[in-house]
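Below is one structure, written out as structure tokens; comments come after it.
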Amino acid sequence: MDEITLIGITIIVITIISVISVLYAIRSAKNKGYKKQIEKLDIEKNKIVSTPIVPELSKIETYRKNEKIETMYKEWNKRLSDIRDVQIPKITDMILEADYCLSQRDYKSTLYKIAKLEMEIYKVRTNAEFLLDDIKDITTSEERSRKVITKYKKEYRELYDKFKESENDYADIAETVNLQFGAIAHKFEEYEDILDSNRYNEVDNTVNTIEDMLKHMTIVIDEMPQIVLMAENILPKKIKEVLENYEELKKQGYTLDYLNVEYNVSEANKKINDILERAKMLDMKDSLLELKVLMEYFENVFDDFEKEKVNKKEYSDTITNFQKKLSRMNKLVNEIFKKLESIKKVYNLEEEDINLLQKIREELKKLNDDYKVLIEHTQNNAFSFSKINKELENLVARLRLIEESLDQTLDTIGSMKDDESRARQQLEEVKKILRRSRKLLREYELPVIPDNYFVELQEAQGAIKELIAELNKSPINIDNLNMRVETARDLVIKLHNRSKEMVKSAAFAEMTMVYGNRYRSKYEELDKNLAYSEMLFFKGEYKKALQLSINTLNKVEPGIQNKLVEYYKK
């Protein structure tokens, strides 16, 4: 039991020692970490102290004869003193405070001090860098600007040579361009004078001015010849040509007021003069674009002239054709209405057809009125041919609609006439068929005609009478007429077919019975059947008589049936 207690106590002691060791190690590591941060910040402070502000500021000593430089020098000295005598000592104190808190193992305060120290160092470093940059702007200005000025002088010479090669292209503007080159040369001299006078604070402004002047001069050299050429040569010629064409077309009777040519020419000349006046001051803002817009406008005016010529030709071609069609339409409609009452008496026209004809006449009257207005406008040159053409196209379309509507109505009336004509023709044909049917019966002289035949004959004759009565009505109802024609034709054809069948059956029945007489003495049954066939024949049942006699003969003379049938079909 004592051994177990001893082991337990030993484990506890070892655990406590381990924990203490770990805590010590953690604290030691934290101390070292914070210590390194403080040391690093101290190094940053020393870098600020070593910033070469003083050497650069000492270079200003040679420029202090300039009043502005002197003022700047004093201001920079004041900022340097503030950094060196106030801000840097403050950082030193903050480092000491952080170091003290760390030695007291006050980690929370140490961390807070380090954060404030980092912010302060950043602020002071920025102040020092800004101060150094401000001083270097002066101390390095000659070195920096000299390279740029050398480049600008080269650009200047190239631009000047390019100008001299084509100086005539600038016309009256050449003198202004020369003066501008002189102004740029004067700026180069001014730059040298600034350096000689140690006015380094003015260097950047002068260099920037030279840069802007050269950029502007580059645009002048590139665009001014085009502006002068277009404004003084190309556009005036184009305007003159437009005006000449304009006057010539007006003499030929074209209406071109809608193009506002005269007003636009006046405005274009004002714009050209304005561009040239501004060009003399080397102000070319949007000048080239404006000139190109004017050029495009006058090119489009020529296109408009050509369109008017084309429209006039189209108008001449279309109006001639339209006049002929309109004249024919007026004549046709007048003739229809002259005969309308007689047509209404002959045919039972529907109210819809009559209303449509009235509407067509009204539309045609409006069309004639609008056509007269169009002719007046054309003769008075009130509108351009492009607009007149559109109006004419509208009139042509309206005339086409009137023609279509009239054609539909005339088709209806024409169809009625055709139906009447066909009905009269078919009446004659039906009569002929009826006469042939009756003649057929008379030629054969049948012993008896069945009663139902006479019924069919009366029906056919009655249908013909009804057809004649329908044709004699005024006005004629075409639907009823067509129905009467169809009925009469069907009944007469039926009667004719009945007549042919009856005559043919009777003829062949008689022929068969005569042929069978040769066998009557030999065959008693055949004799009886033929006698019965004769009885059917004289009762008017010719088809039954034929069938009985053929069937009877076929028994005594096989094949006779086929011979007679073939003969019957012929």
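Just so it is clear, the values below take in all heavy atoms, side chains as well, and ignore hydrogens, waters and symmetry mates.
Judged as a side-chain hydrogen bond (donor to acceptor under 3.5 Å, both in side chains), and not counting sequence neighbours, the contacts of Tyr297 are Asn264. Scanning for side-chain hydrogen bond (donor to acceptor under 3.5 Å, both in side chains) contacts around Glu241 gives an empty result, with sequence neighbours left out. For Asp286, the side-chain hydrogen bond (donor to acceptor under 3.5 Å, both in side chains) test picks out no residue, with sequence neighbours left out. Taking Tyr170 as the reference, Phe163 meet the ring-ring contact (aromatic ring centres under 6.0 Å, His included) condition, with sequence neighbours excluded. Glu158 meets the salt bridge (Lys or Arg N to Asp or Glu O under 4.0 Å) test with no other residue; sequence neighbours excluded. Under the salt bridge (Lys or Arg N to Asp or Glu O under 4.0 Å) criterion, Lys40 pairs with no residue at all, not counting sequence neighbours. In terms of the side-chain hydrogen bond (donor to acceptor under 3.5 Å, both in side chains) criterion, Ser81 has no residue partners (sequence neighbours excluded). Scanning for salt bridge (Lys or Arg N to Asp or Glu O under 4.0 Å) contacts around Glu296 gives an empty result, with sequence neighbours left out. Partners of Lys325 under the salt bridge (Lys or Arg N to Asp or Glu O under 4.0 Å) rule, at least two apart in sequence or in another chain, do not exist in this structure.
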### Message
Under the criterion side-chain contact (heavy atoms from CB on, under 4.5 Å), I'd like the reasoning laid out for Ile239 against Ile272: C-alpha separation, chi angles, the key distance, then a yes or no.
### Response
CA-CA 11 Å; Ile239 291 172; Ile272 292 170; 3.9 Å; yes
### Task
Could you give me the CA-CA distance, side-chain angles and deciding distance for Leu235 and Phe298, then say whether side-chain contact (heavy atoms from CB on, under 4.5 Å) is met?
CA-CA 9 Å; Leu235 264 173; Phe298 286 110; 4.0 Å; yes
### Query
Step by step, would you call Lys238 with Phe302 a side-chain contact (heavy atoms from CB on, under 4.5 Å)?
CA-CA 10 Å; Lys238 182 66 71 175; Phe302 278 111; 3.5 Å; yes
### Task
Could you check Lys365 against Glu362 for salt bridge (charged side-chain N to carboxylate O under 4.0 Å, His left out), going step by step and ending with a plain yes or no?
CA-CA 5 Å; Lys365 183 179 181 305; Glu362 292 173 4; over 6 Å; no
### Message
Using the rule given for side-chain contact (heavy atoms from CB on, under 4.5 Å), can you reason through Ile91 versus Ile95, listing the C-alpha separation, both sets of side-chain angles and the distance that settles it, and then say yes or no?
### Response
CA-CA 6 Å; Ile91 292 174; Ile95 292 173; 4.0 Å; yes
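No donor-acceptor distance shorter than 3.5 angstrom exists from the side chain of Ser266 to the backbone of Glu262, with no hydrogens or angles considered. Judged by distance alone, the side chain of Ser327 and the main-chain N or O of Gln323 form no donor-acceptor pair under 3.5 Å. At least one donor-acceptor pair closer than 3.5 Å links the side chain of Asn273 to the backbone N or O of Asn269.
A distance of 12.0 Å separates CG of Asn300 from CE of Met295, quoted to the nearest 0.5 Å. Expressed to the nearest 0.5 Å, how far CG of Asp369 lies from NZ of Lys372 amounts to 6.0 Å. To the nearest 0.5 Å, atoms CG (Leu294) and CD (Glu267) are separated by 10.5 Å. Note that CD1 of Ile210 and CE of Met213 are 8.0 Å apart. Values are rounded to the nearest 0.5 Å. Taking CE from Met281 and CD from Glu277, the interatomic distance works out to 9.5 Å, rounded to the nearest 0.5 Å. How far CG of Asn46 is from CG of Leu41: 11.0 Å, rounded to the nearest 0.5 Å.
When every heavy atom of Met230 is checked against every heavy atom of Pro236, the shortest pair comes out as O-CD, 3.6 Å. The two residues Ile173 and Leu276 have their closest heavy-atom pair at CD1-O, 4.2 Å. Among all heavy-atom pairs drawn from Ile227 and Ser287, the shortest one is CD1-CB, 3.8 Å. Shortest non-hydrogen contact noted between Asn127 and Arg79 is O-NH2, 4.3 Å. Heavy atoms only, all atoms of each residue included: Glu155 and Leu214 are closest at OE1-CD1, 4.0 Å. Closest approach of Val242 and Val261 over heavy atoms only: CG1-CG1, 4.0 Å.
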Only pairs under 3.5 Å count here: list side-chain donor-acceptor contacts from residues 115-126, not counting sequence neighbours, and write none if there are none.
from   : atom 1 : to     : atom 2 : distance (Å)
Arg125 : NH1    : Glu44  : OE1    : 3.3
Thr126 : OG1    : Tyr122 : O      : 2.8

Atom pairs and distances, side-chain donor-acceptor, residues 390-399, under 3.5 Å, sequence neighbours left out:
from   : atom 1 : to     : atom 2 : distance (Å)
Arg398 : NH1    : Asp370 : OD2    : 2.6
Arg398 : NH2    : Asp370 : OD2    : 3.0

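Side chains of Glu39 and Lys35 form a contact here, defined as non-hydrogen atoms less than 4.5 Å apart. Within the 4.5 Å cutoff, the side chain of Asp82 has no heavy atoms near those of the Lys78 side chain. The closest side-chain heavy-atom distance from Asp169 to Met224 is not below 4.5 Å. Contact check for Thr176 versus Gln180: no side-chain heavy atoms found under the 4.5 Å cut-off. You'll find the side chain of Asn178 reaches within 4.5 Å of the side chain of Tyr160, heavy atoms only. Taking the side chain as every heavy atom from C-beta outward, Leu159 and Phe181 approach each other to under 4.5 Å. Side-chain contact between Val301 and Tyr246: absent, with no pair of heavy atoms (C-beta onward) separated by less than 4.5 Å.
A salt bridge does not link Lys270 to Asp274: none of the charged nitrogens lies less than 4.0 Å from a carboxylate oxygen. Using a cut-off of 4.0 Å between Lys/Arg side-chain N and Asp/Glu carboxylate O, Lys280 and Glu175 are scored as not salt-bridged. A salt bridge links Arg278 with Glu290: the closest approach of a Lys/Arg side-chain nitrogen to an acidic carboxylate oxygen falls below 4.0 angstrom. In summary, Glu211 and Lys215 engage in a salt bridge, as defined by a charged side-chain N under 4.0 Å from a carboxylate O.
Listed by first and then second residue, the side-chain hydrogen bond (donor to acceptor under 3.5 Å, both in side chains) pairs that reach into residues 219-231 are Lys162-Asp222, sequence neighbours excluded.
Within a 6.0 Å sphere centred on NZ of Lys164, heavy atoms belonging to other residues, nucleotides or ligands number more than 12.
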